[in-house]
Each structure stands twice: as C-alpha cells, then as structure tokens.
Amino acid sequence: MTTALVPARHYLNDGYGIKSWLLTRDHKRIALLYLAGVTFFFFIGGAFAVLIRLELATPVGDLVSDETYNKLFTMHGVMMVFFFLIPAIPSVLGNFLIPIMIGAKDLAFPKLNLASWYIYMLGAAFTTYAIVTGGLDTGWTFYTPFSTVASTSAVIPAALGIFITGFSSILTGLNFIVTIHQMRAPGMTWFRLPLFIWSHYATSLIMVLGTPVLAITILLVAAERLFHFGFFDPAVGGDPVLFQHLFWFYSHPAVYIMILPAMGVISELVAAFCRKPVYGYPFVAFASLAIAVLGFLVWAHHMFVAGISVYAAMIFSILSFLVAIPSAVKVFNWTATMYKGSVSWQTPMLYAIGFIGLFTIGGLTGLFLAAVGLDIHVTDTYFIVAHFHYIMVGGTIMAYLGGLHYWWPKISGRLYNEWLAKFSALVIFIGFNLTFFPQFILGYLGMPRRYHAYPPEFQVLNVLSSAGASILGVGYLLPMAYLMWSLRYGRLASDNPWGAVGLEWNTTSPPPTENFAEPPEVTWEAYDYGSPVVEEHV
Amino acid sequence: MWTGTPLFPEQASTMAGRVDALYFFLIAISVFFSLLIAGLIVFYAVRYRRRDPAGVGAAAHGGMALEIAWSVIPFLITMVIFVWSASVYMAISRPPDETINVYVVGKQWMWKFQHLDGQREINELHVPVGRPVKLIMTSEDVIHDVFVPAFRVKADVIPGRYTNLWFQPTKPGRYHLFCAEYCGTRHSGMTGEVIVMEPNDYQTWLSGGAPEGSLATTGAKLFSDLACNTCHRPDAQGRGPVLEGLFGKTVSLQSGETVTVDEAYVRESILTPAAKITRGFQPIMPTFQGIVSEEQLLALVEYVKSLQSLPVTEGTGVGEPTTRLPSPPK
Amino acid sequence: MSDVHAHPALAHHFDSLEEQKEAATLGMWVFLVTEVLFFGGLFATYAIYRTWYPDAFAAASHELDVTLGTINTAVLITSSLTMALAVHAAQLGQRAKIMVFLALTMALGGVFLGIKSVEYYHKFAEHLIPGPGFQFEKEHIRHAQIFFSLYFVMTGLHALHMIIGFGIMLVMLWWTWRGTITAEYYSPIEISGLYWHFVDIVWIFLFPLLYLIGRHAH
Amino acid sequence: MHTNHIVPPRVYYAIFGILMLCTYLTVQIAFFDLGPLNVVAALTIAVFKATLVVLFFMHVKYSTKLTWAVVLGSVFWLGILLALTMSDYLTRVWRTYG
Amino acid sequence: MTVHHEESDINLRGVLGFGLGLFVVAVVVHLVIWGMFSYFNAREARHVEPEYPLAITQAAKTPPEPRLQVNPRQDLRDLRDQEDRILGSYGWADKNAGTVRIPIDEAIRLTLQRGLPARQENGR
Ligand code: HEA
Ligand code: HEA
Ligand code: CUA
Ligand SMILES: [Cu+2]
C-alpha cells in the first residue's frame, strides 16, 4: 500500500471558479456536474414518492385530490427514470472512471460530453417547467389516446423535456463506444478490461440503438397533440396500440440501461472485496452483451393484455425467458467469485451483497411476468410495482451507493465514516424490504396500479409499505449527510485505500486532470490479485 | 388488525385454480433460488471473511462445465414455465363456443353493461354461476381495462375496437371489478362489482323482478315520484318542454345559443335548470340539487334517454322548419 | 510523448491525428446509427398503416407530384456526387475545389428544399394538411389523413435534417476558406459527407414509399 | 488502416450514373401493375441504391471491419423493429388476446 | 512513433457469427411458437359440452335498442350531418297533405320577404 500522499495538483483544484466548472472539458468534473444533477432529481422524485406513500396509507383519497395524485406518480416515475436512474451510474461513475480504467486521458469527445450535460439540464428544465405549470398526469408511459387527446396537463413541455434529455443519453453512449474502441492504453486488450467497462459498453449500445425510437415516439405524441395527425387516434383510423409498440421498443431496453451499469459496479465490488478475479470473466462479459442484444427482442411483454395477437404474445414470452438466462449466469458467477475469496465486510461489499440478493428476488419475479398466463392476472397491479422497485431500488440504487462509496476516496480524496455507512446500509435494506415486499401480496390480491383510493381490505399492507418508505427515506438522507461531511472533515485517502487492482488505483486520489502522471502500459490480466506484476503496482 | 386483511385472493372462476397453480410453482422456484443465492453469499461472506488485511482470494478462472450447467438448467426451467404458462394463456384467451354475451362500454369513468335481453347496468354486472360469460367490450374515449381479481382475468378495453374477455364463475358472491389501465382523473373510481348469482336468482333478476331494476325503469318511477310529470307532459297543461324524443336533438336557449340534449345537458337541467333556459319557456323549473343522488340522476337521465318520440304531428319533425313560433306558456 | 510540431488540430487527449480521425469517423457512424433508428420508428409506422389501408395510401399518394419528387431525387443524388467530390478534393488538399463542390452541394440542397416548399404549398392550397382543415375528396377520407400525416412528418423531418446539413456545409465552407482543412486534416469534411449521404439515403427510401404507391392505376 | 484510401473520381461518376438510371427505372416500373411485386421492386431498387451510396460515396468498401459491423448492425436493428412489430400486426387475424 | 493506444479491436467474424446465430434462433423461435400455437388452438377448438345443456343458449344476437353508445362524438357528427342534409334540401314533408320541405336559407329569405304572422288582439 502506498502512503497517504495527497497530490498538490489534482483535478479538483485545477482551476477555481464557476467558469472552470461550467466550461470544463474534464470528464471527471463533468461527472460531478452530473452527480449534482441526478442527486437533485432523485430527491425531487423521492419527495413525490413520499407523498404517494403518505396518501396510500389510507384507503380514501384524503391527502391529495385524484388529479394531484395522478400527477404525483407520473412525475415520480418520469423524474426517477429519465432524470435519475438512467444517467446515474453511466454519467457519474462511468464518466469519471471509464477513461481512467482504460488508461486514457479523457473520453473521445470531451466537448460533446459537456454538451450532453447541458442537454440533460435543458431537458430537465423543460420537465421542471411542466411540473410547476400544472404537472403531467399521463403516467410515465404516456399511453395514447389519453396523452394525445384526453389529458389536460402539460404534456408537450414534458414530452419535449424527455425528448431533449434522450439526446444526452445518446451522446453519452456514443462517447463511450468510441472511447472504449479507440482509446485503450497499450496492452489493454478487450479481455483485460474491467467488467465495469464491458457493462458500460453494452449499456452504450442500448442507449444508441434504443433512445432514438423513444425520441421519435414522444415527438409523434407532441405532434399529434398539436396538429391532430391521427397516428394513434382510432377516430381517423390510427391504432393506440402502435404507440405502445414504439414506446416499449425503447423502454424495455431502457430498463437494461438501468441495470447493466449496476452489474458492472457489482463486478468491480465483488472482485475488489474478495480480492480475486470475477469467476468466469468471459462469460460475465458476454452475458452483458447478450442482455443488451436480447433486451431488444422482448418489449411486448408489457402489452400482453393490450390487444396484441396471441401469437405475438407467445413469441415475446419465450424471448423474455431467454433474456433472463444471461442475468442468471452473472448472479451465479458473482456467487462463485465469493467462494474462497478474501471477503471484506466494508460498506461497498455490503451493498454488493444486498444487490445480489435483491436483484435475484426482483429478477425472479420478472419470470412471473414473462409467464404470460400469469401476467394476465398481475399486470397493472402492485405486483409489477414491486417487481421493478426491487430491481431498480433494491438493485441499481444499492449498486450505485456501493459504487459511490467504493470510489469516493478516488473521487474526493477523502474517506467517509465506516460505521455510519454500515448503519445506513442496514437502514436502507430494512426500509426497502418493508416498503416493497408487501406490494407483491397487494398485487396478487388485485390492487391495481395508479389508484389513490382503494378497497379498505388493502389498507394494512399499504400501511406497512408506507412505514417502510419513511424508513427508506431516512436511510437515503444519511449517506447524503455523511458523504458531504467527509468532503470537509473526512480522513485523507491514499491512492489505493482498498488494496484493489485496477488502473484507477494506480493514480492519485484525487487523480490529476490528465488522469495519469505517465500514460500506463498494461501487462497484467484483469483483477490479477496476487500476481507479482500487480503486487508491485498495488 | 389482521382480520379483514386478506393475503390471497379468493378463487371464483374455473381458470383461477390453473393460474394459482402456476403462481405457486413460480413461488417455489423463486424461493429455492433466492434461498440458494442468499444463503450462499451470506455463508461465503462469513466463512471466507478476511482476517489478514493484506489477504488475497484464491483465484479461480472458471470452468466450462459449471458455466454450461448454470446456463442450461435455468434454460430448461424457464422453458417448462413457458410451456405451462402458454397453455394457461391460450385457455384464457379463447372463450368457449357457447357463452352468455354481455356488451360493455367503458368510458371515463364508468362501466356500462348491456345484456342481450336489453337489461342495462352501470358499474355492476349480474351473471349466473356456472356458465361461461363473454364480455364484448369497447371504449368511448381512452384505453380502459376490465379486471376481476377473483376470476384472474383482465383485458384492455380499447376505443375503435372490440376486445373480449371470458370467465366462468364458480362461486356466488360479489367480486371487485377494477379498471386496470390508467385513464385519467377518476381511474381509481372506475370500479364496480361482478355479482354472481344462483341460477334462480339470476332468472329473477333477468325478468326485472329483483329490486335492482333496469336503470330506465327506476328513472321512470323517479320521474313520477318527483313530480316531473306534472310539468313535463305532452298536453296543454304542460309547462315544461316535452321530453319525449328530445334526447339527441338540439334546443335553442333564451340566450340565443343552441345546445344538444345529451346526458350532460339533462343532468344540468335537473341540477341547475336556471343555467340554461330553453327558449319559449319560463324559468320555473325548481332545482333538484341535494334532492336527487348520483344514482338517481343516472336513472333519470337513462329514463329521459329512453323516451321515444311521440307520434309526429304536422310540421314538428327534426329539421323541418316551421314558420310557427312555439306558443308561450301560460 | 508529443512531438514538438503537434498539429494545431490535434486534441490533447489523442496521440495522433490518425487516432483522432478514426475516433471522429467512428463517432459519426454511431450517430448515423441513431438516425437510422430515429427514422426507423416512422418507417415502422408507415409499414403498419400501409398494410392496413392500401387503397387509401394509393389514392393519397396520387395527390403527390411525381415529377417534382423525381427531380428532387435526382437533385439529391447529384448533391451526393458533389459532396463525394468535395471529400475527394479535401483528401488532396485542393482548397478551391473543396469550396466549389461544397457550394454546389449547398446549392443543390437549396434547390431540393425549394421544390419541397413548393410541394408543401400545393398541399396547403389543396386542403391536404392534416388537422381541422383537412379535406380529401374521395370516400376514404380518414385513412388518407394518416398517409398525409406520415408524409408531412417524414419529409418534414428529412427537410429538417437537410437544413441542419446545410448549416454544417456552411461551417465546412468557412473552415476550408480559413485554411483549417488540409490534406492531413480533412476528417471534418469526410464526416460531414457521411451525414449528407445519409440524408440522401433516407430520401432514396422515402421517394418510392411515398410517391410511387399504386401509380399504375389510371 | 485503409481509411485514407482515395477513390478516383471516375468511380464516383460511374456510381452517380447508375443511381440516376435506377431512379429512372424505379419511376417507370411504378407505372406498371405488378401487383404485390411493385413494392418488392421499389424496395429492392432502393436498397440497391442505398448500398451503392454506402459502399462508395461513404467509403465503407474501404473502411475498417468495425465500420462494417456498425452499418450492418444498424440495418439489423431496424429489421428487429420492423419484423417483431409486424409479427403482431400480421397475426392479429389469427387471434388476438381480448 | 510509439503506439499510444491498443490497436486490437473486435472480432468481426465473431460478431457476424453471433448475429447469424441470433437470426437462426429467431427463425426457430417463430417456427416453434407457430407450432405451439397451432397445437393449442386445435386443442381449444374441441367442442366442450356446456354445463347446462338445457339452458337456452343465446343465439348470436345483439341487444335491443337503445344500444350502448360506443362513440358519442361520432354519433353526434352523423346526426348533425343528417340534419344538415335535411335542412338544406328540397323534399316532400308529407306527400298526402301536400307539404313540401325547402332549404332553410330559402325559408329565411321567404319569411323576411313575407313577414311573420302578426299577433291578433284577443287570441293567439
Ligand atoms: C432495472 C430494471 C429492470 C430489470 C433488470 C428487469 C428485468 C426483467 N423484467 Fe422487468 N420491468 C421493469 C424493470 C426491470 N425489469 C419495469 C420498470 C417494468 C414496468 C414498467 C411499467 O409498466 O411501468 C417491468 C415490467 C416487466 C414486465 C411487464 C409486466 C407487466 O406490465 O405486465 C415483464 C414481463 O415479462 C418483465 C420481465 C422481466 C424479466 C424476465 C427480467 C429479467 O431480465 C430478470 C432476470 C433475472 C433473474 C432471472 C434473476 C437472477 C437469476 C437467478 C437467481 C438464477 C435462477 C434463474 C432462473 C431459473 C431463470 N418486467
Ligand atoms: C426509477 C427509479 C425509481 C425509484 C428510485 C423509485 C423509488 C420509490 N418509489 Fe417508485 N416508481 C417508479 C420508479 C422509481 N421509484 C416508476 C417508474 C413508477 C411508475 C410510475 C407510473 O405508474 O407511471 C413508480 C411508481 C411508484 C408507486 C406506485 C404509484 C401508483 O401506481 O399509484 C409507488 C408506491 O408506493 C412508488 C414508491 C416508491 C418509493 C417509496 C420509492 C423510494 O425508494 C423513494 C425513496 C425516498 C426518498 C429518496 C426520499 C428522501 C428524501 C426525503 C424524505 C426528503 C424530502 C424532502 C422534501 C420534500 C423537501 N413508486
Ligand atoms: Cu378506466 Cu382506468
Ligand atoms: Cu420490459
């Protein structure tokens, strides 16, 4: 281990003042700009969630009016999906780490990277404008003809906001793809890359291939609202179900955008905190690509009761089962990695273990939904809500927090308080399960989604869920607090406080603007713990 | 606290058992794999807990056999689930040949049912036990969805298109019917009940003997109970407009504008008659706000709708202009 | 490390112009992939509605002017030729020639947009713009509206891309004029060319799909 | 890397000529009634023209394997969108759910 | 000049092979599902004995008028169109009585020309 030596010049003090941040080309600073953005929108979306759960604690609609409730869950979904979860890991951790992990000085197109942040904020501005001028009440899914004809809310600004933000996603993906292909350091062959890079590469493929279809679809919704074109209006011969095809063509792959980076983080955490290579590295790498590709073939599993043909339903059902296999392979490989590892119980590993468990549960409930005969009963009920919150909150957010904690010393040069961190992880875990497990039961019982008043026999389970949500909310506030506190008062971090293997640990904490004092040359395999070449660098 | 909190829905249709069986199978698989994975990772975390801060794990680079095993086994499991669920799905999606058909129209935010013999219901559906029922549904405006959890069936209701849903109830009782596709403000209020009756009770209900009469007959009764017919009568003593055949036509108001007599207008005329005064009449109609309930309003509207035109006398048909002004009321 | 005479256009995070050029080219290709999928959604919509309403589509397609459409196709293909020649000139560092061909490309693009505006104006005059003013003489009025909606959205989006392309050409013209483009560093011209050719390819598909449906009837 | 390959202008002119010819052909064919083959013919010619533009004007013929992979990938993905969506619409006549 | 980045890149044959394999799998899946669909369809088409054979089966008929309104806006538009057509045309109102129908614009014009019937004193 190297001694704690904070470099004199690093990327954080390489230029002060607002201009040096708002006009930066440094991928690391841009990552922090994104961090500020996504954290802000997470708390807005979270505030809406808190209001939702408060309303749902009683069976009657007493806290807010039905119109308000409809806007609450819509904006919660929109904010959380488009402005928090899709950018979170790729644009924060990915932006920061990808060039460093491959030994490059920056991404391929730094100016484009900055532009993508501005585009993201512009899209967020439109959507925020929509919120404050009356809100959006179409559900995050914008189904027609409600969104094109019947809704009286701020559909067009919100649609434009999402359209614009989509381009941020596209440009980020484009940047990552070119960077990973072209700018790896000498010796860094594809199969020596950290699995984090493989995951982000796969994610970028999805971003580039899927987001444009969302863009055109949401543009058509806005156009139909403005000009009454009639694509989705049965009165002129249009098909409302067509919208669903086009929307889900993106939105299913989008959920893989939300999980693949998380899986990349978990691979890194498991390797680092067991101090051994991820078991079955090539299989995990190919599984990432398989998820990205197969994820494009399953979208109509969201439309089983929407009026598609029985034949198509069966096609999409069988394909949905196929896409589960690569995820299964990954989970098994991570588990096998822990066998005979040197397993540390530090906070990032706790989050990783939490992820594996909760993703397993959430993913297995996905199988319930792919089973088309069963989905008939549970679709559009809280079973679905539970399924996706298990994966997105119990999975991705845990991975995001784990990654933040793991790379926090690298990003900030500081260490956080380990006991507070462990405690928060526990609070989050308990709060999370209490919030969302009862929703599986509620869903099978038949409580529909997007209801703000419900039959009284569902109340007890709803109260449990709301109680859990308040615990969860507190749990999220804690890391905010102690991580920010550590920026000022935390202990200084060494180059490699975890004793991990990876190019990012071969540079200072925080890194210099050009990432490395000397451009690295890679002569070792990924996660080559214990090999003498690596020992010398660790 | 726990009484009155069900944890599992009741089974009230022929398909419910099949769906539940599949569900339990999936639960078993999920419990198995969850415990397996959770158990292993917790076990490994404990068993191989790092003692030496400089400790390193024992690298193993993976064997083909294991990778194939844990790819093939999940594949086989998922294929079994798939075939089973496809079979259940095919059964749910194909109604039997002989069903009781009920027409359903969903609109924001209510359900209208019409039985083949003409009985109409709003938000309530009476069906007999033990016979397959097919709902032929469409929507007036946006996409809705008929969901009866106790029957384990659900289908979207789409404008411009007819969709079907079938079930065969096995137990008499009252079951929730929900709208399960977000449709706007009162999506949570667009609920109702499926009332499954013994065959005898169903027959009674069909012939209108049961207290639950058709909406229009209830309306007729109300019309006389509330003394509407003292003013709205076709003879010379009538002080209000003739309501027979009025529904769907246009009327001129005192303000000069013309308005179509639709449900909303009838409703408004009953609740706030002074808002729109028909040309040629005095504003003497009292308001019935607070006197009629929502249900009664619906019944009255249905009744007015059902009123057929009286035999046409000279020059009073639709669209035939007459140079005779309507006589001012006394 | 970097040699003393690093090319002025070389960005600090690249090691050679070669690497930078490859990155730029790959970047533009990936961007074109997103454009394929962007238009792809519209082609999927087209495919579905044409399958549902073949007669309405054929009748509506008749209202489009084949002559103008064909001329436009020829104009756009020619502009692709001039664009390719501009790239060729750039590879040889022939500044004047680059500017001539770029200007020609822009001119042809302008002609295309001009003809398009004429067509749009005709549609406006014939009450064929979808919306409240839409009026189609023959019986299948509603489904013809879908064809025209698709026509306007697809060609409109295409025209928007051409306008953007026009702007890009302008910038390229300026860069060439001020000497940034040399035989060593011509990749901006090359990737602009890629974009322009893509816009041409979209039109190559739009033309038969919109203008040439059921032309054999009367 | 062959990305600096300079294509002689005569190739461009030749391709240009073929493209114009194909345009003329496609318009002419449209005026004959070939039934369902009209669409097939129109699309085949369009694909052919697009291929020429991609290979020669866009230099893909002389580009890296990666570029080929990107181009083919985009076509393949468009194919997924069209094929799977049509797999619903074309089979609705058999039976729809609901 | 030393190479500053790793040159080796993806294996195009691998990618193409995967793509081809995927296409083959897709075709196989479509065929398998088609087979399954046909099989299940045939099975479902078996006539199932109704549980109550004596129950009067309902012939495929539609309920009596008034039917549930499916598209009120369209119905209204149709009604308006129909009314406009009658309002704007000539025709027999009652052939036996000799009453004729004229377009409303005509009627307005004639009324203006001839004036409205005057109200008499002591009568209406
Ligand atoms: C990060 C997000 C994410 C992820 C990764 C997934 C993953 C999966 N999802 Fe989920 N899903 C959503 C987010 C996500 N989903 C959202 C947001 C919705 C609702 C949208 C809305 O309507 O608003 C949704 C809805 C949804 C539906 C539609 C339900 C409906 O509306 O009726 C379906 C149906 O097939 C489905 C299936 C699956 C499957 C099969 C997986 C698989 O990829 C899961 C694979 C993982 C495992 C299987 C677990 C690990 C494996 C093992 C432990 C080994 C053993 C495994 C086997 C035996 C196979 N999801
Ligand atoms: C993408 C990620 C994501 C995330 C992270 C979450 C997080 C949460 N979600 Fe949500 N959710 C969605 C995506 C997400 N959700 C989507 C897509 C939908 C569907 C929308 C639709 O149907 O259209 C949905 C719908 C949804 C519903 C269903 C609404 C309905 O159908 O009627 C519910 C109900 O409980 C819910 C709850 C929660 C809760 C309790 C959290 C918790 O994890 C939140 C944690 C809490 C906080 C982060 C708050 C912490 C902060 C504070 C306490 C301070 C507050 C400060 C001020 C007010 C000043 N979500
Ligand atoms: Cu109707 Cu929800
Ligand atoms: Cu999905």
Side-chain angles (χ1 to χ4, degrees), chain A residues 66-67 70 139 143 145-146 150 234 240 274-277 279-280 283 305-307 310 314 317-318 321 324-325 328-329 331-332 335 338-345 353 356-357 360-361 364 367-368 371-374 376-377 379-380 441 444-446 448 450-453 455 457 460 529-530, chain B residues 1 4-7 9 19 22-23 26 30 33-34 37-38 40-41 44-45 48-50 55-62 67 70-71 74-75 78 81-82 85-86 88-89 92-93 141-143 145 147 149 152-156 158-160 163 176 178 180-188:
Chain A
D66 36 22
E67 272 192 39
N70 294 342
Y143 273 21
F146 181 76
C274 297
R275 291 232 181 101
K276 56 181 287 228
Y279 193 87
F283 291 94
V305 296
V310 167
M314 288 171 59
S317 172
I318 196 175
F321 282 111
I325 311 285
V329 165
V331 168
F332 290 129
T335 310
M338 290 180 71
Y339 174 71
K340 291 203 176 153
S342 168
V343 183
S344 152
W345 284 28
I353 294 179
I356 299 177
T360 296
I361 297 178
L364 288 168
L367 297 179
F368 286 62
V372 59
L374 184 56
I376 308 276
H377 176 62
T379 189
D380 259 303
I441 306 177
Y444 204 77
L445 277 172
R450 301 166 164 171
Y451 266 38
H452 85 122
E457 65 262 30
V460 169
Y529 288 91
Chain B
M1 160 177 111
T5 300
L7 292 176
V19 173
L22 180 57
Y23 183 60
L26 276 162
S30 305
F33 278 107
S34 306
I37 301 289
L40 280 177
I41 58 181
Y44 290 155
Y48 299 108
R49 187 174 186 174
R50 185 181 296 173
V56 157
H61 284 275
E67 299 286 348
W70 63 46
S71 305
F75 173 73
T78 51
I81 304 174
F82 167 68
S85 79
V88 172
Y89 175 72
I92 297 182
S93 66
D141 38 35
V142 297
I143 302 183
D145 186 295
F147 175 38
R152 314 286 191 274
V153 289
K154 183 187 279 118
D156 271 6
I158 307 171
T163 50
H176 285 300
F178 295 123
E181 183 59 62
Y182 176 68
C183 55
T185 311
R186 296 207 58 225
H187 166 63
S188 351

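Protein chains get the first letters and strands the later ones, always in sequence-line order, with residue 1 at the start of each.
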Given B:Ala155, B:Ala60, B:Ala86, the one with more heavy-atom pairs under 4.5 angstrom with chain A than any other is B:Ala60
Check for a donor-acceptor pair, side chain of B:Lys154 on one end and backbone N or O of A:Val305 on the other, with a separation under 3.5 Å. no
Go through A:Ala324, A:Ser317, A:Gly357, A:Ala328 and name the one with the most non-hydrogen pairs under 4.5 angstrom from chain B. A:Ser317
Do B:Val88 and A:Leu374 have side chains that approach each other closer than 4.5 Å (heavy atoms only, starting at C-beta)? no
Could you tell me which portion of B:Ile143 (side chain, backbone, both or neither) has an atom closer than 4.5 angstrom to a non-hydrogen atom of chain A? both
Which distance, rounded to the nearest 0.5 Å, do you find between the CD1 of B:Ile41 and the OG1 of A:Thr360? 7.0 Å
Heavy-atom cut-off 4.5 Å, strictly under: side chain, backbone, both or neither for B:Ala38 against chain A? neither
Just verifying a value: how many Å separate A:Asp380 CG and B:Glu181 CD, rounded to the nearest 0.5 Å? 4.5 Å
Does any part of the side chain of A:Leu445, heavy atoms only, come nearer than 4.5 Å to the side chain of B:Leu7, both counted from C-beta? no
Do A:Ile376 and B:Tyr89 touch side chain to side chain, with heavy atoms closer than 4.5 Å? yes
Measure the spacing between CG of B:Leu26 and CG of A:Leu367 and express it to the nearest 0.5 Å. 7.0 Å
A:Phe321 and B:Phe82 aromatic ring geometry - parallel, tilted or perpendicular at 30°/60° bounds: perpendicular
Are B:Tyr182 and A:Asn70 close enough, and set up right, to give a side chain to side chain contact (heavy atoms under 4.5 Å, CB included), and what steps lead you there? CA-CA 9 Å; B:Tyr182 176 68; A:Asn70 294 342; 3.2 Å; yes
Could you pull out the closest heavy-atom pair between A:His377 and B:Pro149, with the gap in Å? CE1-O, 3.3 Å
Is chain B contacted by the side chain of A:Phe368, its backbone, both, or neither, given a heavy-atom distance below 4.5 Å? both
Counting heavy-atom pairs under 4.5 angstrom with chain B, the leader among A:Ile441, A:Thr335, A:Leu364, A:Val372 is A:Val372
Of the backbone (N, CA, C, O) and the side chain (C-beta and beyond), which part of A:Ile325 lies under 4.5 Å from a heavy atom of chain B, both, or neither? side chain
Between B:Thr163 and chain A, which part of the residue has a heavy atom less than 4.5 Å away: side chain, backbone, both or neither? neither
Could you pull out all residues at least two apart from B:Ser71 that satisfy side-chain hydrogen bond (donor to acceptor under 3.5 Å, both in side chains)? none
Within the structure provided, determine whether B:Ser30 and A:Ile361 are in side-chain contact (heavy-atom separation under 4.5 Å). no
For A:Tyr279, the side-chain hydrogen bond (donor to acceptor under 3.5 Å, both in side chains) test, sequence neighbours excluded, returns none
Which atoms of B:Phe75 are under 4.5 Å from chain A, going by heavy atoms: the side chain, the backbone, both sets, or neither? both
Out of curiosity, A:Lys340 NZ to B:Tyr44 OH, how far, rounded to the nearest 0.5 Å? 10.0 Å
Hey, does the side chain of B:Ser188 reach the backbone of A:His452 with a donor-acceptor pair shorter than 3.5 angstrom? yes
In this structure, OG1 of A:Thr379 is separated from CG of B:Asp156 (nearest 0.5 Å) by 8.0 Å
Contact between A:Trp345 and B:Arg50 at the side-chain level, heavy atoms closer than 4.5 Å - yes or no? no
Could you pull out the closest heavy-atom pair between A:Tyr529 and B:Val56, with the gap in Å? CB-CG1, 3.9 Å
